[in-house]
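Heads up, the thing below is written out as structure tokens.
Just so you know, these numbers use all the heavy atoms, side chains as well, and skip hydrogens, waters and symmetry mates. Read the numbers this way: they start at 1 and go in the same order the structure lists the ligands and their atoms.
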Amino acid sequence: MKVAKFGGSSVASAEQIKKVAAIVTADSERKIIVVSAPGKRSSEDTKVTDLLITLGETYLQEGEAEAELQAVVARYEDIAKGLNLGQDIVATIEADLRERLAFDRNRPESLMDLIKASGEDNNAKLIAAYFQSIGLKATYLNPQDAGLLVSNEPGNAQVLPEAFEQLAKLRGSEEIIVFPGFFGYSEDGTLVTFPRGGSDITGSILAAGTKADLYENFTDVDSVFAANPNVVDNPVKIKKMTYREMRELSYAGFSVFHDEALIPAFRNRIPVCVKNTNNPSSSGTMIISEREYFLSPVIGIAADKGFATLYVRKYLMNREIGFGRRLLQILEDEGLSYEHIPSGIDDTSVILRQGQLTSAIEERIVDRIRKELAVDDVNIERDFAMVMIVGEGMHNTVGVSARATAALARANVNIEMINQGSSEVSLVLGIHSEDADRAVRELYHEFFSGADETIE
Ligand SMILES: Nc1ncnc2c1ncn2[C@@H]1O[C@H](COP(=O)(O)OP(=O)(O)O)[C@@H](O)[C@H]1O
Ligand SMILES: N[C@@H](CC(=O)OP(=O)(O)O)C(=O)O
């Protein structure tokens, strides 16, 4: 039995949904179909999830958002028409959106989650109706009825262990289950969404819960490439990679698969296959526990922007017991998470995602660090990128960092931070954001020039 997830680009229009139906029909093992909200039909288009966020925010600010609501309804109307589904389903979707907007405005975060999740929920209902209309035995299933229990962290849910036991019951279903991605329910029955891109997470949870033989992730590219195809022209295709390699690369910017989606599949040893809805006969990329890596120590190069560095200097920091704990406590008090902490004898840097740092938070932490830790210097710098070089073969290959730093020197990219060692499979280089694309291209050239079109 297979769980197949179809991303926003795969369900963006009637034409795309017809391809999904053909893929589902072609293999009777594809029993659980996880769908996203309609995504972009072209590069200038807007994802339904983004339309829904505008709808929710406008409604919360102005108490009314008719034009924004109609923009969402129009997307479904267009799809329903192209699938010959009639007006009823469109009317049901419009009524559903109005009902969601009537939710308690004093709980804005939960209201936003309810609205955001309608994108996948209504699309799953529409796709199930289409499958039935072409004679497939298919049924829509709501995550609450399925027992997809998650933590109550709006926009940032995590699956609860109890969910897997509930979801196991879906194995053996006679009918094809059409399941909306991106959200679950907390124990008190509140709808909570996963982080953006989280339908990948739903698919992985369902594959783990039902002990599927394979989790297929259908998207709009033939495979995972060794570098972002929007940055490097025609990067090599990765045929096989390990869970660890994929997790590191997706964390570091390979948006093709959500980094949090690897864990449920990994823990249950469910192989993951990334495939193309527009070219399903292409074999795609297999993500598995182990691979042979004698051909190339490096499998991929990713970069992600939007990091800030909190720099702290104090003479004899190395001898001050509890300094690190007190520094991190200040960050914890502000609800900040951090990504890396490279440190020296008298100084340390904490690297954080800068989206969490408002100017008020920044002012408070700098002030507290100065007063409570009596430091010689503290400052925050923004607009850093983290470049990650990943590969299982790296830890026992001599010279990978030397090649990487030489390549960046050639491209005139200044390295602000290097972090190697904590993870056995990656090397992280902190650079200025404006250098990120140039750095990725140069590193790609260093490690992949002359490589075959596909790497094992
Ligand atoms: N290394 C990579 N390999 C493949 N695709 C990548 C990579 N890095 C970034 N991407 C981008 O990820 C996109 C697919 O992810 P996404 O837009 O989330 O798809 P979906 O609509 O299926 O959820 C690709 O179109 C590609 O532009
Ligand atoms: N629709 C949600 C969840 C998701 O996973 O979408 P996609 O499959 O289009 O990345 C989002 O845009 O975040």
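If you look at Lys5 next to ligand 1, the close heavy atoms, those under 4.0 Å, all belong to the side chain. Contacts of Leu249 with ligand 1, taken as heavy-atom pairs under 4.0 Å, are absent altogether. Of the heavy atoms in Ala227, only backbone atoms (N, CA, C, O) come closer than 4.0 Å to ligand 1. Contact annotation: for Ser223 versus ligand 1, heavy atoms closer than 4.0 Å belong to the backbone alone. Here Lys116 has no heavy atoms under 4.0 Å from ligand 2, in either its backbone or its side chain.
The cationic group of Lys237 does not satisfy the cation-pi geometry with Phe225, failing either the under 6.0 Å distance to the six-membered ring centre or the 45° limit from the ring axis. A cation-pi arrangement is absent between Arg269 and Tyr215, since the terminal nitrogen or guanidinium carbon is not both under 6.0 Å from the aromatic centre and inside a 45° cone about the axis.
No more than 12 heavy atoms of other residues, nucleotides or ligands sit less than 6.0 Å from atom CD of Glu165.
Asp220 OD1, 3.9 Å is the protein heavy atom nearest to atom 13 (C) of ligand 1.
The closest approach between Lys5 and ligand 2 falls below 4.0 Å for a heavy atom of the residue. Judged by the shortest distance from any of its heavy atoms, Gly39 lies outside the 4.0 Å radius around the atoms of ligand 2. Taking 4.0 Å as the cut-off, His258 does not count as a neighbour of ligand 2 on heavy-atom distance. Judged by the shortest distance from any of its heavy atoms, Pro229 lies inside the 4.0 Å radius around the atoms of ligand 1. Within the structure, ligand 2 lacks Gly119 among the residues with a heavy atom less than 4.0 angstrom away.
At least one N/O-N/O distance between Ser36 and ligand 2 falls below 3.5 Å. For ligand 1, the polar-atom distance check finds no N/O of Val224 at less than 3.5 Å from any of the ligand's N/O atoms. Of the polar atoms of Ala37, none of the N or O atoms is found under 3.5 Å from an N or O of ligand 2, judged by distance alone.
Taking a cut-off of under 4.0 Å to the non-hydrogen atoms of Lys47, the atoms of ligand 2 that pass are 6 (O), 7 (P), 9 (O), 10 (O), 11 (C), 12 (O). Under a 4.0 Å criterion applied to the non-hydrogen atoms of Gly8, ligand 1 contributes the atoms 20 (P), 21 (O), 23 (O). Close approach of ligand 2 to Gly7 (heavy-atom distance below 4.0 Å) involves ligand atoms 8 (O).
Within a 4.0 Å radius of atom 19 (O) of ligand 1, the protein contributes one or more non-hydrogen atoms.
Relative ring orientation between Tyr185 and Phe183 is described as perpendicular, the plane-to-plane angle rising above 60° on a 0-90° scale split at 30° and 60°.
A salt bridge does not link Asp213 to Lys31: none of the charged side-chain nitrogens sits closer than 4.0 Å to a carboxylate oxygen. In summary, Glu446 and Arg410 engage in a salt bridge, as defined by a charged side-chain N under 4.0 Å from a carboxylate O.
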